[in-house]
Amino acid sequence: MTQLAPGGRIEVICGCMFSGKTEELIRRLNHVKIARQRLRAFTPRNDTRYRPGNLVSHNGVCIEAHPISSIREIVDYVEEDIQVVAVDELHFLDDEPETACTICQELADRGIRVIVAGLDQDFRALPFPAMMQLMAVAEQVDKLYAICVHCGAYATRSQRLINEQPAPYDAPTIAVGGQELYEARCRTCYQHPRNW
Ligand SMILES: [Zn+2]
């Protein structure tokens, strides 16, 4: 039987838009920094909504992060002595869903604490396959909530609006830097693209 390095684990931070996933990731990574553990953090290169590169919290904590397009790229950055690997907005990466899962599993088997954050559902309220697979194999899954902008209930869905209307079902799953807007909505207030 292959002996796995102790201490490895996968943590998934998921939820809808505006649920505070990146804030929670930064909170954990700040503890990693304080504990002086060796960390590598990554953000998708195509996420142009914010500054590419570093992860910066609302209260000014800054974590250095490398921009990547594919989860495969992180392997080159993870040297022997790295203890923690973090990937923000994992759903943005252009990989086959199995690739993200396989690579995160390999890192965890090496004894690395792997923390990923990302949307659990797309704007159609369908699961992002890579996130779904990671949740199944993770040691810890935290699902965060936003507040529904319509009724104030806990929101679990991301409604994409184009010209103030729910985006059609066949709109691209990933749309960065477009003219659309997102709203966090609860199950009741969410308008399914198939139903309008
Ligand atoms: Zn609502």
Side-chain angles (χ1 to χ4, degrees), residues 10-31 41-44 46-52 54-61 63 65 86-95 97 100-101 104 114-196:
I10 297 176
E11 298 169 28
V12 175
I13 303 166
C14 66
C16 62
M17 302 274 289
F18 312 111
S19 61
K21 299 180 296 296
T22 299
E23 282 295 314
E24 173 59 20
L25 179 65
I26 293 170
R27 192 184 71 81
R28 293 186 198 182
L29 298 184
N30 194 38
H31 289 172
F42 302 91
T43 56
N46 61 359
D47 183 4
T48 53
R49 293 171 304 160
Y50 312 108
R51 65 290 118 183
N54 296 345
L55 297 169
V56 183
S57 74
H58 296 311
N59 57 9
V61 175
I63 306 286
V87 184
D88 193 24
E89 307 278 11
L90 181 112
H91 59 276
F92 268 129
L93 296 173
D94 355 299
D95 292 291
C101 199
C104 291
V114 181
I115 314 173
V116 306
L119 290 171
D120 46 6
Q121 301 164 48
D122 66 17
F123 75 94
R124 305 178 193 90
L126 297 175
F128 272 104
M131 292 295 292
M132 191 167 68
Q133 293 192 12
L134 278 163
M135 280 185 240
V137 299
E139 272 73 15
Q140 181 181 340
V141 177
D142 291 284
K143 179 155 178 156
L144 307 184
Y145 303 94
I147 296 298
C148 176
V149 296
H150 289 270
C151 75
Y154 283 122
T156 54
R157 308 278 161 95
S158 306
Q159 186 92 58
R160 185 196 292 171
L161 300 174
I162 298 177
N163 297 325
E164 299 177 18
Q165 293 299 316
Y169 190 82
D170 57 1
T173 301
I174 300 286
V176 181
Q179 294 304 305
E180 71 278 343
L181 186 81
Y182 288 91
E183 283 181 354
R185 294 194 186 183
C186 70
R187 178 180 288 273
T188 308
C189 297
Y190 173 78
Q191 285 179 267
H192 201 284
R194 277 188 288 224
N195 297 340
W196 61 280

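Note that ligands are numbered from 1 as they come in the structure, with each ligand's atoms numbered from 1 the same way. All residue numbers refer to positions in the sequence shown, counting from 1.
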Do E23 and S57 come close enough that some side-chain heavy atom pair is under 4.5 Å?
yes
Check whether any side-chain heavy atom of V87 lies under 4.5 Å from a side-chain heavy atom of L93, and answer yes or no. yes
Between P166 and the options Q159, E183, H192, R160, the side-chain contact (heavy atoms from CB on, under 4.5 Å) test singles out Q159
Could you tell me if the side chain of Y154 sits less than 4.5 Å from the side chain of I147, heavy atoms only? yes
The single option from R28, R27, K21 that satisfies salt bridge (charged side-chain N to carboxylate O under 4.0 Å, His left out) with D142 is R28
| said: Quick check: do E139 and E11 have side-chain heavy atoms less than 4.5 Å from each other? | reply: no
Note on the Zn ion (ligand 1): protein N/O/S atoms within less than 2.8 Å are C148 SG, C151 SG, C186 SG, C189 SG
